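What you see is a predicted model, and the numbers here were worked out from it, not measured in a lab. Because only heavy atoms are used, hydrogens play no part in the values below, and waters and symmetry mates are left out as well, while side chains stay in.
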Amino acid sequence: KLAGVNSPKAKYLKALLSLNSAKKEVGDAQKKLDDANKIDDSKDKDKDKKVDSAKSDLTNAQNDQQAAQKKVDQAKHKVGD
């Protein structure tokens with residue numbers, strides 16, 4: 001808990017932390033996709049499954065980031081910054 005911080009500002013700070021986490025998730029998911037695309041499919045028969053899984057993870061992470069950004073924008077508006 002953030003002692004001495006008013007509620008709108010606390011919500012804004014929490015939203016910023018969530019956004020930073022979401023951005024990290026997107027970066028991690030993008031790296032996973034890049035790695036999956038580099039797999040030599042002659043050596044790994046599951047390359048297509050790994051690429052599809054990584055694409056799905058990236059899409060989910062991007063959606064989470066968009067939702068987090070929306071919460072930041074809403075909270076920022078209430079704080080008045």
Side-chain angles (χ1 to χ4, degrees):
K1 292 186 178 183
L2 298 168
V5 178
N6 65 24
S7 184
K9 192 164 241 177
K11 287 181 181 176
Y12 175 62
L13 293 173
K14 185 176 178 185
L16 279 177
L17 291 172
S18 294
L19 178 59
N20 284 338
S21 292
K23 285 180 178 180
K24 183 182 180 322
E25 283 181 34
V26 169
D28 292 347
Q30 182 64 58
K31 182 178 180 341
K32 183 179 172 187
L33 177 58
D34 293 344
D35 291 346
N37 278 319
K38 291 176 188 173
I39 294 172
D40 183 348
D41 44 354
S42 68
K43 294 180 181 174
D44 190 339
K45 302 298 181 200
D46 291 333
K47 177 182 178 176
D48 290 341
K49 289 180 187 173
K50 290 177 181 177
V51 169
D52 288 344
S53 174
K55 283 181 182 177
S56 176
D57 290 348
L58 179 58
T59 298
N60 290 337
Q62 288 170 331
N63 289 340
D64 290 348
Q65 182 179 350
Q66 288 174 346
Q69 182 65 59
K70 188 175 181 180
K71 285 185 179 182
V72 166
D73 294 342
Q74 290 170 343
K76 186 175 183 180
H77 181 71
K78 289 179 182 175
V79 170
D81 284 350

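A side-chain donor-acceptor contact under 3.5 Å links Thr59 to the backbone of Lys55.
Contact detail for Lys50 and Ile39: the closest heavy-atom pair is CD-CD1, 3.7 Å. Residues Ala54 and Leu33 come closest through the heavy atom pair CB-CA, 3.5 Å. Contact between Leu19 and Ala68 at its shortest, heavy atoms only, is CA-CB, 3.7 Å. The nearest pair of heavy atoms linking Leu58 to Ala29 is CA-CB, 3.6 Å. Across every non-hydrogen atom of Asn37 and Lys47, the tightest pair is O-NZ, 3.1 Å.
Asp44 CG to Asp40 CG: the interatomic distance, rounded to the nearest 0.5 Å, is 9.0 Å. Taking CD of Gln69 as the reference point, atom CD of Gln74 lies at 10.5 Å (rounded to 0.5 Å).
No path of Ile, Leu, Val, Met, Phe, Trp and Tyr side chains, each step under 4.5 Å between heavy atoms, connects Val26 with Leu16, placing them in separate hydrophobic clusters.
Residues Ser7 and Lys11 meet the side-chain proximity criterion, which asks for heavy atoms closer than 4.5 Å.
Looking at Lys38 and Asp34, no side-chain N of the basic residue comes within less than 4.0 Å of a carboxylate O on the acidic one, giving no salt bridge. A salt bridge is absent between Lys32 and Asp28: the closest approach of a Lys/Arg side-chain nitrogen to an acidic carboxylate oxygen does not fall below 4.0 angstrom.
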